[in-house]
K.L.:
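Can you read through this structure? Questions will come right after.
The analysis underlying the following values was restricted to heavy atoms, covering all of them including side chains, and did not include hydrogens, waters or symmetry mates. Throughout, protein chains are lettered first and strands after them, A, B, ... in sequence-line order, and every chain is numbered starting at 1.
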Amino acid sequence: MEHEGADLNELMMVRRQKLDELRQDNVEPYGGKYQRTHYSSQIINEFESLEGQQVSLAGRLMAKRGHGKAGFANLQDVEGNIQLYVRQDQLGEGRYNLFTKADIGDIVGVKGKVFRTQKGEISINITDFIMLAKSLRPLPEKWHGLKDIELRYRQRYVDLIVNPDVKKVFIARSKIIRTIRNLLDNKGFLEVETPMMHPIAGGASARPFITYHNTLDMNLYLRIAPELYLKRLLVGGMEKVYEINRNFRNEGISTKHNPEFTMLELYQAYADYNDMMEITEQLVSQAAFQLLGTMEVEYQEEKINLAPPWRRLPMLEAIKEYAKIDFTLIQNDEDARQAAAQAGLKVDPKASRGNIINEVFEELVEPHLIQPTFITDYPVEISPLAKRSLEDSRYTYRFELFIYAREMANAFSELNDPIDQKERFKNQVEKRASGDDEAHMMDEDYIRALEYGMPPAGGLGIGIDRLVMLLTDSPSIRDVLLFPHMKPRD
RNA sequence: GAGCCAUUAGCUCAGUCGGUAGAGCACCUGACUUUUAAUCAGGGUGUCGCUGGUUCGAGUCCAGCAUGGCUCACCA
């Protein structure tokens, strides 16, 4: 068989030669179904009862130590790693030869007896050895592994082979999401799926990705949030719904932002934002407890106590506490701008009091919110889908949860007044017209749905990736995404 | 989008003052029947990210570009 040599280094050429030799010897290097009886961890955990028994395993060869007419190797399967002991006088010359020619990285099937070596290591004394997939590329070094961060993300398959801790993060991710699903299912929530391609990008303030449908001859937006669809389901009589799925936002990439990320959104009819705080506390603290067996977690050297209840702090009180500005004494836009400027912030001369309050909060308060804190009562200007406070119509029944100074959840009592909602959309459309491409678009059908009557409801969104970061002590969102977005190379 | 830093063998990394490109692992040949970063003897892998410039001479100095990391901006 011919192999293109131009872009192959010596190591890859050697492996292709071995591949040819296998075929010449009538050994198929890419096998089929393999019947295994045990996993590596099972043999180690149940050694007492398995000692002396015949077992069959499959996995990747990760190390080889030859000793002439015998040798050792390590086999890695999904559960872990186990040592193989191989002897020519047991395997026969042919199969022993197959073993000595096998490379680190090859996927093999083995049969043999469970035993313990003189040095005490539980091992398999091999009586049969077959090739299941010849590996044509050398793996990274056994001692240092794959460290190059770029390569780890671009070639996650290699990262997963050689860095066992990586897999643990994704097992944790799965467990966290499973805990959330179980909790919500047990509370009677229905998991639903709503469109990922939207004719109108709604439900959040964000720049969308635009795509094109050929036969409909129209632009579509990848969704920035499922919110408006889920609330249409409340109108339709689904009283408790949730969706865990991807959102897409055409914005910057950072250690906390990936263009596609996973959100939990849930809506509960006849509830309000106080109920959402309780659910948030349950979901996050239980996710931690089920994963780690404790609600006290350590994130980047910071001890964080997730045991409920968490502090609830109205935004104005938070600003008074951390920024020493009392916005209850500041009633107009001009005074608000002055106060912010005095505090050293750059101020948009057109910013309203509500925008300024949010600005001051983000700049001067957020960095202090390390322990879980619900910040409540957001200004209506920045909350176009939230119900107005009955006590003061300039604010809304909304909260955001902060942990480690990061926004982890956003929730509110849902605005179900179609006339107010239409006004809010109109204000957003004006902002759009004056250049704010993150302002919401008008969604007439959503207004129509509200006009039929939407029950009062609480709604909640939790950023799953950020929750997984917190609970796995991962510094970057890329560490909790199997395939984080990367620019193509060349 | 901006600033700083990085890019050398398959992997992990050295490379001094600008003067013939280095190590360990992996790999190849040989020895070795309980090793485990196996050991011992021998072998040497390369578009020094890319493109230009300065220079007798550039991995090294300069400029631009690419990719990545961190910080900031935007955001969740």
K.L.:
Give one of base, sugar-phosphate or nothing for A:Ile149, where a contact means two heavy atoms less than 4.0 Å apart.
P.N.:
sugar-phosphate
K.L.:
Using a 4.0 Å heavy-atom cut-off across all strands, classify A:Gly461 as base, sugar-phosphate, or nothing.
P.N.:
nothing
K.L.:
By the 4.0 Å heavy-atom rule, please label A:Lys147 as base, sugar-phosphate, or nothing.
P.N.:
sugar-phosphate
K.L.:
Mind checking if A:Lys69 touches a base, just sugar-phosphate, or nothing, with heavy atoms under 4.0 Å?
P.N.:
base
K.L.:
Considering every strand and a 4.0 Å limit on heavy-atom distances, what is the contact class for A:Phe115: base, sugar-phosphate, or nothing?
P.N.:
base
K.L.:
So what does A:Met486 touch, heavy atoms closer than 4.0 Å: a base, only the sugar-phosphate, or nothing?
P.N.:
sugar-phosphate
K.L.:
Would one find a side-chain N or O of A:Lys64 under 4.0 angstrom from OP1 or OP2 of B:rU36?
P.N.:
no
K.L.:
For residues A:Asn258 and A:Arg478, is any side-chain donor paired with an opposing acceptor at under 3.5 Å?
P.N.:
no
K.L.:
Under 3.5 Å, is there an N or O donor on one side and an acceptor on the other linking the side chain of A:Glu141 and the base of B:rG24?
P.N.:
yes
K.L.:
Within 45° of the ring axis of A:Tyr378 and under 6.0 Å from its six-membered ring centre, is that where the NZ or CZ of A:Arg398 lies?
P.N.:
yes
K.L.:
Whether A:Asp89 and A:Arg87 form a salt bridge (side-chain N of Lys/Arg under 4.0 Å from carboxylate O of Asp/Glu) is what I want to check.
P.N.:
yes
K.L.:
When all nucleic acid strands are considered with a 4.0 Å heavy-atom cut-off, which category describes A:Lys101: base, sugar-phosphate, or nothing?
P.N.:
nothing
K.L.:
What does A:Leu151 touch in the nucleic acid at a heavy-atom separation under 4.0 angstrom: a base, only the sugar-phosphate, or nothing?
P.N.:
sugar-phosphate
K.L.:
Would you mind classifying the nucleic acid contact of A:Gly463 as base, sugar-phosphate or nothing, using non-hydrogen atoms under 4.0 angstrom?
P.N.:
nothing
K.L.:
Is it true that A:Asp77 and A:Arg60 make a salt bridge, defined as a side-chain N closer than 4.0 Å to a carboxylate O?
P.N.:
no
K.L.:
Taking any heavy-atom pair under 4.0 Å as a contact, classify A:Asp89: base, sugar-phosphate, or nothing.
P.N.:
base
K.L.:
If the threshold is 4.0 Å, N to carboxylate O, is there a salt bridge linking A:Arg232 and A:Asp443?
P.N.:
yes
K.L.:
What contact category does A:Glu407 fall into here, base, sugar-phosphate, or nothing, at under 4.0 angstrom with non-hydrogen atoms?
P.N.:
sugar-phosphate
K.L.:
Using a cut-off of 4.0 Å on non-hydrogen atoms, how would the nucleic acid contact of A:Asn258 be classed: base, sugar-phosphate, or nothing?
P.N.:
base
K.L.:
When we call it a touch if two heavy atoms are under 4.0 Å apart, what does A:Arg152 touch: a base, just sugar-phosphate, or nothing?
P.N.:
nothing
K.L.:
Does a side-chain N or O of A:Arg154 approach OP1 or OP2 of B:rG68 to a distance below 4.0 Å, or not?
P.N.:
yes
K.L.:
Is there aromatic stacking of A:Phe261 against B:rA76, centre distance under 5.5 Å, plane angle under 30°?
P.N.:
yes
K.L.:
Just checking A:Gln83: base, sugar-phosphate only, or nothing, at a heavy-atom cut-off of under 4.0 Å?
P.N.:
base
